[in-house]
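Protein chains get the first letters and strands the later ones, always in sequence-line order, with residue 1 at the start of each.
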Amino acid sequence: MVKLLRKIFLVDLFTGLMVTFRNQRPKYIYTEQYPGERPKVAERYRGAPRLNINPENGETLCISCNLCALACPEGLIVVTSERNEQTKRKDLTTFTYDTSRCMFCGLCEDACPVDALELTQDFELATYTREGQIWDRQMLEEGPRPTPYKC
Amino acid sequence: MPDSTFLDSTELVLNMGPQHPSTHGVLRVILKLDGEKVMGTSCVIGYLHRGVEKIAENRTWAQFNPYVDRMDYVAAVSNGLGYCLAVEKLLGVEAPPRAQAVRVILTELNRIASHLVWLGTHALDIGAITPVFYCFREREEALNIFEKYCGARLTTHAFRIGGLLYETYDGFEREVKAFCKMFPPKVDEYEELLTNNRIWAGRLKNVGVLTADECKEYGVTGPVLRAAGVKWDLRKAQPYSGYEKYDFEIPTRENGDTYDRYIVRMREMRQAVRIIEQAVEGMPEGPIMGKVPKVIKPPVGEAYVSIEAPKGELGYYVVSDGSVQPYRVRVRPPSFVNLQALDRMVRGGLVADVVAVIGTLDIVLGEVDR
């Protein structure tokens, strides 16, 4: 009799559904709605590189010491500079960073004595071309420019 | 594999892999079958060979550190620890106590994360789909701690030669403690799903038996060896990084079959939680970096350090010629050695057991091929 009543009132079904709905609490949802909802990466996340500039006068913080290029295991950083005759210091001319070969180990960031080169929390590095993966100085300072799609 | 048996027309040669999902990567197993019965196997490896040991010879000591993470990418922290310990032994420095405690916490968290990947994928191979979601849910918590600590989730590059680069972040201890509190009930949850499950036991019991003597013959280490009843754990046998301070047990079983290896790994996860709890409780204050010169130039010599990675004994043999670059780095990967016992374990079994045995060996092809 009890068995029959259980069957009629679908007790087992509701017990099962209760387990399902218990796990529907937003706290238990692990899926991120990616493009709509940005994942919050950690503060120390090693993502896209950035060459910091002094916010007051817009000059680069880089002193062209070449330590990042020496620290890089892949040798993907190329720094060129020319000597300034007046200040007797090296002025940065070009700075290229090949993100296609970068493994984001963070050794360049550690090597930098003036905190000019930094790996940021930006993680979207996809481009349409291979050349687009090689970041030049302007791109490193201002962030990547959106690449127009060519047919 | 002897060719003579090919005369028997009932035998069939079948390629399993390199794209087969249950070979856990790019492993190709050539199976010689008599009906459903496996008469012999031979493994073809090297599809993921990247020449890591050769790369080491063209990098400086510190520069090679991120590459070791890419061997066993499921347990990258353990790889980094082994390499750092080997170079530290060459240099004659030791990491400060605080660095050692943090290292222990992270490697044990990584052991849990690695075992969770193993449990999820192994259960998936056998046919249980639920555990993989449960396991990855908890693994996420461990990976979040890695991400907050060192900025990467998988290829962490967490340790540096001589200690640590990063000081622990705010709330590190709280989060680790919360993980320790949260995790053991979750292990109960997995065990509830699997341990007494008749299908699970039926698929695993007396499958891929490897006795203690055979384990020693093949040089198999890790949970595979312990499931055969040998109480051998490098954390107890040759303590490194302050493991002698922590109180934990070495779980062992007697039969050495796939089910026992499952039980051993489940218990190991619980022991790992115990170690983390003790380490985070008595975490000393102090510096995190030992006295290491800026340019690492170890004296001429060689050193071998082996650690207990989640998969077994992970050894690094490093040779220095006194320059800034290693003369030779040789890695003794646990997965590669354990894989050699595959033929012994599956011979005479069924094709479905091959999948179970590959799963239970817990191989990572990045480490097998290097």
Side-chain angles (χ1 to χ4, degrees), chain A residues 16 19-20 22-34 37-50 65-77 97-115 117-123 125, chain B residues 50 52 55-70 73 76 80 130 133-141 143-161 164-172 175 182 186 189 289 294-296 324-326:
Chain A
V19 175
T20 311
R22 250 209 320 265
N23 286 289
Q24 296 280 313
R25 270 172 53 188
K27 208 182 118 188
Y28 297 135
I29 294 174
Y30 281 80
T31 315
E32 280 167 350
Q33 303 297 324
Y34 166 52
E37 187 189 314
R38 318 294 290 177
K40 208 166 165 262
V41 294
E43 204 180 316
R44 293 174 181 173
Y45 185 81
R46 302 193 293 258
R50 183 176 67 200
C65 63
N66 210 30
L67 281 176
C68 50
L70 292 173
C72 182
E74 287 290 330
L76 52 83
I77 301 172
Y97 191 111
D98 185 355
T99 54
S100 66
R101 279 161 59 213
C102 183
M103 55 180 169
F104 304 98
C105 61
L107 284 172
C108 52
E109 193 183 24
D110 302 343
C112 189
V114 287
D115 293 334
L117 188 64
E118 200 182 321
L119 295 180
T120 58
Q121 286 164 303
D122 189 8
F123 52 87
L125 295 158
Chain B
R50 292 154 296 176
V52 171
I55 287 173
E57 293 166 24
N58 301 311
R59 301 284 183 271
T60 63
W61 291 94
Q63 277 178 352
F64 182 59
N65 207 347
Y67 289 89
V68 296
D69 291 345
R70 281 148 181 86
Y73 39 79
T130 318
F133 299 114
Y134 281 29
C135 291
F136 273 66
R137 184 183 65 192
E138 270 73 69
R139 179 171 174 262
E140 191 70 21
E141 304 293 325
L143 293 192
N144 276 339
I145 293 174
F146 293 151
E147 189 187 337
K148 281 188 183 162
Y149 174 70
C150 58
R153 292 156 57 85
L154 216 57
T155 47
T156 46
H157 194 202
F159 307 140
R160 298 296 192 276
I161 295 158
L164 307 166
L165 175 71
Y166 307 106
E167 182 53 80
T168 54
Y169 60 92
D170 290 337
F172 174 77
E175 276 180 31
M182 175 276 289
K186 304 285 182 187
E189 208 170 279
M289 196 69 184
K294 211 149 199 182
V295 178
I296 294 163
V324 291
Q325 292 179 337

Query raised in the report: Any idea which heavy atoms bring B:Ala62 and A:Leu107 closest together, and the distance?
Result: O-CD1, 4.0 Å
Query raised in the report: Of the backbone (N, CA, C, O) and the side chain (C-beta and beyond), which part of B:Ile55 lies under 4.5 Å from a heavy atom of chain A, both, or neither?
Result: neither
**Report entry** Proximity breakdown for B:Thr156 and chain A, heavy-atom pairs closer than 4.5 Å
**Finding:** backbone
Report summary line: Bottom line for B:Arg59: the part with an atom under 4.5 Å from chain A's heavy atoms is side chain
**Report entry** Under 4.5 Å from a heavy atom of chain A, the part of B:Tyr149 involved
**Finding:** both
Query - Heavy-atom contact with chain B under 4.5 Å, split by part of A:Gln121 - result: neither
Query raised in the report: Can you say whether B:Arg153 sits under 4.5 Å from chain A via the side chain, the backbone, both, or neither, judging by heavy atoms?
Result: neither
Query raised in the report: Which one of B:Tyr166, B:Tyr67, B:Tyr169 has the most heavy-atom pairs closer than 4.5 Å to chain A?
Result: B:Tyr67
**Report entry** A:Leu70 CG to B:Gln63 CD distance, which is reported to the nearest 0.5 Å
**Finding:** 8.5 Å
Query raised in the report: Counting a contact as any heavy-atom pair under 4.5 Å apart, which residues of residues 38-48 of chain A contact chain B?
Result: A:Val41, A:Ala42, A:Arg44, A:Tyr45, A:Arg46
Requested in this report: Tell me, yes or no, whether the heavy-atom count around B:Phe133 atom CZ, taken from other residues, nucleotides or ligands under 6.0 Å, exceeds 12.
Outcome: no
**Report entry** Side-chain touch B:His157/A:Met103, heavy atoms, less than 4.5 angstrom
**Finding:** no
